[in-house]
Amino acid sequence: MKPIFIDLKIIADARGSLVAIESLKNVPFDMQRVYFIFGLSPSLRRGQHAHKKNKQVALCIQGQCTFLLDDGHQKTEVILKSPTQGLLVNEMIWHEMFDFSADCILMMIASDMYDELDYIRGYNNFLRMTKDVHSPIG
Ligand code: TYD
């Protein structure tokens with residue numbers, strides 16, 4: 001699968017740089033939640049789930065990490081290391097984050113409020129659900 005990047009504009013002047021993120025403008029959904037993770041261990045993975053409905057944009061606003069995206073058929077890995085390069089993580093995409101730099105701050109912009117029922121945990125469950133969705137015989 002091909003990653004979809006969202007390039008954000010930098011507004012810079014002598015005082016420094018600013019990046020603005022707006023619903024349905026540079027984020028392709030109406031955003032309802034922002035959260036960020038930091039103090040991450042380089043040897044531990046996060047994510048390891050998919051969402052049934054929630055769409056997200058991931059941004060490494062400091063440092064870097066690797067993102068694995070998997071639609072149940074194809075996988076791709078990308079390194080996020082720019083505060084202006086967002087990665088779209090659509091619904092029904094298994095994602096894992098790892099290889100965090102010590103200074104990594106990973107910001108996630110989400111279309112939906114937090115809802116544990118929206119999570120698909122367990123890779124085999126995910127594969128079963130994507131198989132159901134894409135199977136020609138239903
Ligand atoms: P989780 O989504 O599993 O983290 P990650 O995808 O980074 O590995 O969430 C970790 C914990 O935080 C879990 O107990 C749920 C809680 N949580 C919230 O309360 N609100 C949120 O918006 C998120 C994303 C997680």
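Both counts, for ligands and for their atoms, begin at 1 and track the order of listing. Quantities reported herein were computed from a predicted structural model and do not represent experimental measurements.
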- In short, salt bridge (Lys or Arg N to Asp or Glu O under 4.0 Å) pairs touching residues 5-15 with sequence neighbours left out are Asp13-Arg15

- Task: Mind listing the closest non-hydrogen atom pair of Lys52 and Tyr119 along with its distance?
- Result: CE-O, 4.1 Å

- Query: Would Val89 and Ile79 show up in the same hydrophobic cluster when neighbours are defined by side-chain heavy atoms closer than 4.5 Å?
  - Reply: no

- In terms of side-chain geometry, is the basic nitrogen of Glu96 or Lys75 positioned less than 4.0 Å from the acidic oxygen of its partner? no

- Residues in ring pair (Phe, Tyr, Trp, His ring centres under 6.0 Å) with Phe5, at least two apart? none

For a distance cut-off of 3.5 Å, show me each N or O of ligand 1 paired with any protein N or O, plus the separation.
unit_1	atom_1	unit_2	atom_2	d
ligand 1	2 (O)	Tyr119	OH	2.6
ligand 1	4 (O)	Arg46	NH2	3.4
ligand 1	7 (O)	Arg46	NE	2.9
ligand 1	7 (O)	Arg46	NH2	3.2
ligand 1	8 (O)	Arg46	NE	3.3
ligand 1	8 (O)	Gly47	N	2.8
ligand 1	22 (O)	Arg33	NH1	2.5

- Please name all residues satisfying side chain to side chain donor-acceptor pair (under 3.5 Å) with Ser41, sequence neighbours left out, ordered by chain then number. Ser43

